[in-house]
There are 2 protein chains.
Amino acid sequence: MNLTVTEENYIKSIFHLQQAEGNVSTNELAASLHTKPASVTDMLKKLTNKNLLNYIPYQGVRLTKDGKKQALMIVRKHRLWEFFLVDKLQFGWDEVHEVAEELEHVSSKKLVEKLDSFLGHPKFDPHGDPIPDIHGNMVAVRQFNLIDIKPGTLVEVCSVGSQSAELLELLRHKNIGISTEMLIMKKFEFDHSVEIKIKNSQHINISQQLAQALFVKLV
Amino acid sequence: MNLTVTEENYIKSIFHLQQAEGNVSTNELAASLHTKPASVTDMLKKLTNKNLLNYIPYQGVRLTKDGKKQALMIVRKHRLWEFFLVDKLQFGWDEVHEVAEELEHVSSKKLVEKLDSFLGHPKFDPHGDPIPDIHGNMVAVRQFNLIDIKPGTLVEVCSVGSQSAELLELLRHKNIGISTEMLIMKKFEFDHSVEIKIKNSQHINISQQLAQALFVKLV
DNA sequence: TAAATTATTTAGATTTGTCTAAAAATAATT
DNA sequence: AATTATTTTTAGACAAATCTAAATAATTTA
Ligand SMILES: [Mn+2]
Ligand SMILES: [Mn+2]
Ligand SMILES: [Mn+2]
Ligand SMILES: [Mn+2]
């Protein structure tokens, strides 16, 4: 079953949205895809006919097993290409997302697998997100939101909550990236900011908004 | 000016067809793009409005300066990706064309230039065709059709007349590839076949059809 | 030159993905 | 419970790219 670029983008968005919440609503999807709710309704019907998702009018949508499998293969391609761009072509990790949005739709299965070999079967993309293998499996690292970590804990950044240019610009400025190790020093009640100490570096303050966008694992 | 994938494919086809002949006809284009003449007429009007080609009804079409420039950049991407697939991902030279047909439409300019650097600025693709540089210039190697070479001449294969699977299969079987050196031994009037001797190998016979599909340079 | 053939264009329809505006269903407030 | 607000769906229109069938132009053949 061959999907159009548009269909693939819908499937992928639903996949990401249904991780967080249960059923994905029409409005959520419209926002995420920068389109209108009416257009989403049309597409949901179409994808339902292709057995990629279960859709109940007014109740939102979830991917079927098949839909999830398709989504995982698109995510696999997206993250492999991002790794390629950073590791081989010297792109910055904050400039690869847009390009990968196009590359992920190149259809050759052989290309994906040969690319994976060429890259040495990487397990994580440049943003710290796990790369699904050919069967759709990915390593599960227990991740915590930085805002929930108790003072005194040593953690390592393993992914970021979005790929927005604004966020990545701020991270670059603060010298925080994937695999940066940091000690949580203190949490301030007033503005929910967090004081941290980056390994071999000075103490800095992280705003509530930034802390909520950082995911870490215990080291 | 951003072109759709379809528009890019039209521009590229016209570019290739107008190399050989003068004006490109509607029917030729339809055949080359596996579409119908009526569809071609529609698209020619559209591309004319975008100033990419000069179109006179019933008289065929030629690219404008701008159209040619666009075409060269698509060809550049196509051939760079083909080189990448063969040189880095270990694809066979006979299996890269289809994949490159998709990759050539990925739009990031930065990607093309970084890919070019990563590959070491190759001058020829795996089929021996020259890769245009960022300004659209490509090295011109004087090429001859093997069928026109006089006996006694030493030549080197530098490109093939088509990328058909059938042709590439035969070449693989005869152990002929890009940069294969061969001495032209004798031409037979009866069937216009050619006897050649591949360097460090035995004498073999090349059919008229095959000789017409091989382009060589003098060494 | 006139007739027949071939090439090209026009006319009208179709598919895909989108949109706006209006109607209907659901959820939240009073 | 009734009203209001929000969400979602329907109805109808539109642009892009395509197709078939018919009309017209150009070319070839007789
Ligand atoms: Mn991304
Ligand atoms: Mn990523
Ligand atoms: Mn090719
Ligand atoms: Mn090629």
Side-chain angles (χ1 to χ4, degrees), chain A residues 1-15 17-18 20-63 67 70-71 74 101-102 104-105 107, chain B residues 1-15 17-18 20-63 67 70-71 74 101-102 104-105 107:
Chain A
M1 180 175 333
N2 288 332
L3 303 181
T4 65
V5 168
T6 310
E7 288 170 334
E8 288 192 345
N9 283 332
Y10 271 85
I11 293 293
K12 195 179 60 149
S13 266
I14 294 167
F15 175 81
L17 290 170
Q18 80 176 21
E21 314 160 52
N23 279 21
V24 179
S25 75
T26 303
N27 267 10
E28 265 181 305
L29 252 179
S32 150
L33 291 161
H34 305 107
T35 183
K36 296 288 141 73
S39 309
V40 171
T41 301
D42 288 345
M43 183 60 84
L44 293 184
K45 290 176 185 167
K46 197 180 153 200
L47 293 174
T48 300
N49 286 334
K50 294 196 173 190
N51 285 307
L52 293 168
L53 42 84
N54 295 121
Y55 161 64
I56 308 162
Y58 295 99
Q59 309 225 147
V61 85
R62 297 216 108 222
L63 294 177
Q70 303 267 353
I74 305 166
E101 283 296 318
E102 284 188 68
E104 72 189 359
H105 302 292
S107 61
Chain B
M1 179 177 331
N2 287 332
L3 303 181
T4 66
V5 169
T6 310
E7 289 170 334
E8 288 193 343
N9 282 332
Y10 270 84
I11 293 293
K12 195 178 61 150
S13 266
I14 295 166
F15 175 81
L17 290 171
Q18 80 176 21
E21 314 159 51
N23 279 20
V24 179
S25 76
T26 303
N27 267 9
E28 265 180 304
L29 252 179
S32 150
L33 290 162
H34 305 107
T35 183
K36 295 290 141 70
S39 309
V40 171
T41 302
D42 287 345
M43 184 58 86
L44 293 184
K45 289 176 186 166
K46 197 180 154 200
L47 294 174
T48 301
N49 285 334
K50 294 196 173 189
N51 285 309
L52 293 168
L53 40 87
N54 295 122
Y55 161 63
I56 309 162
Y58 295 99
Q59 307 225 148
V61 85
R62 298 215 108 223
L63 294 177
Q70 302 268 355
I74 304 166
E101 283 297 316
E102 285 189 68
E104 72 189 0
H105 302 291
S107 60

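Residue numbers begin at 1 in each chain, while the letters A, B, ... track the order of the sequences.
Regarding Asp42(A), its CG atom lies at a distance of 10 Å from the P atom of dC19(C), rounded to whole Å. The NZ-C1' distance, from Lys45(B) to dT9(C), rounds to 7 Å in whole Å. Atom CG of Asn49(A) is separated from atom C1' of dT15(C) by 15 Å (rounded to the nearest Å). Note: CG (Asn23(B)) to P (dT27(D)) measures 12 Å, nearest angstrom. In this structure, CD of Gln59(A) is placed 14 Å from C1' of dT9(D), rounded to the nearest angstrom. Residue Leu44(A) contributes atom CG, which lies 11 Å from atom C1' of dT9(D) at whole-angstrom precision. To the nearest angstrom, C1' of dC19(D) lies 15 Å from CG of Leu33(B). In this structure, CE of Met43(A) is placed 15 Å from P of dT9(D), rounded to the nearest angstrom.
Heavy atoms only, all atoms of each residue included: Pro37(A) and Ala30(A) are closest at N-CB, 3.6 Å.
A donor-acceptor pair is defined here as one N or O able to donate and one able to accept, closer than 3.5 Å; such a pair exists between the side chain of Gln18(B) and the backbone of Leu63(B). The backbone N or O of Leu17(B) sits nowhere less than 3.5 Å from a side-chain atom of Glu28(B) that would complete a donor-acceptor pair.
Among the heavy atoms of the strands lying under 4.0 Å from Thr26(B) are primed sugar atoms or P, OP1, OP2 only; no base atom is included.
Annotation: side-chain hydrogen bond (donor to acceptor under 3.5 Å, both in side chains) contacts involving residues 33-45 of chain B, sequence neighbours excluded, are absent.
Here the options are Leu44(A), Ile14(A), Leu47(A), Val61(A), the test is side-chain contact (heavy atoms from CB on, under 4.5 Å), and the partner is Leu52(A); only Leu47(A) passes.
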Identify the pairs formed between an N or O of the protein and an N or O of nucleotides 2-6 of chain C at a distance under 3.5 Å, and give each distance.
none

Any protein N or O atoms within reach of nucleotides 20-23 of chain D? Criterion: under 3.5 Å, listing atom names and distances.
{"unit_1": "dT20(D)", "atom_1": "OP2", "unit_2": "Lys36(B)", "atom_2": "NZ", "d": "3.4"}

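DNA chain C contains the following stems of three or more consecutive Watson-Crick or G-U pairs, with both distances under 3.5 Å: C:1-30 with D:1-30.
Note that CZ of Phe15(B) is 10.0 Å distant from CD1 of Ile74(B), once rounded to the nearest 0.5 Å. Note that CE of Met43(B) and OG1 of Thr26(B) are 13.5 Å apart. Values are rounded to the nearest 0.5 Å.
Using a 4.5 Å heavy-atom threshold, the side chains of Glu101(A) and Asn9(A) count as touching. A heavy-atom distance below 4.5 Å is not found between the side chains of Glu104(B) and Glu8(B). For the pair Glu7(B) and Lys50(B), the minimum side-chain heavy-atom distance is below 4.5 Å.
Within residues 4-14 of chain A, no residue places a heavy atom under 4.0 Å from DNA chain D.
Nearest to the side chain of Pro57(A), among dT8(C), dT9(D), dC19(D), sits dT9(D).
Distances shorter than 4.0 Å separate some side-chain N or O of Thr35(B) from OP1 or OP2 on dC19(D).
Residues satisfying the side-chain contact (heavy atoms from CB on, under 4.5 Å) criterion with Glu102(A), sequence neighbours excluded, are Val106(B), Ser107(B).
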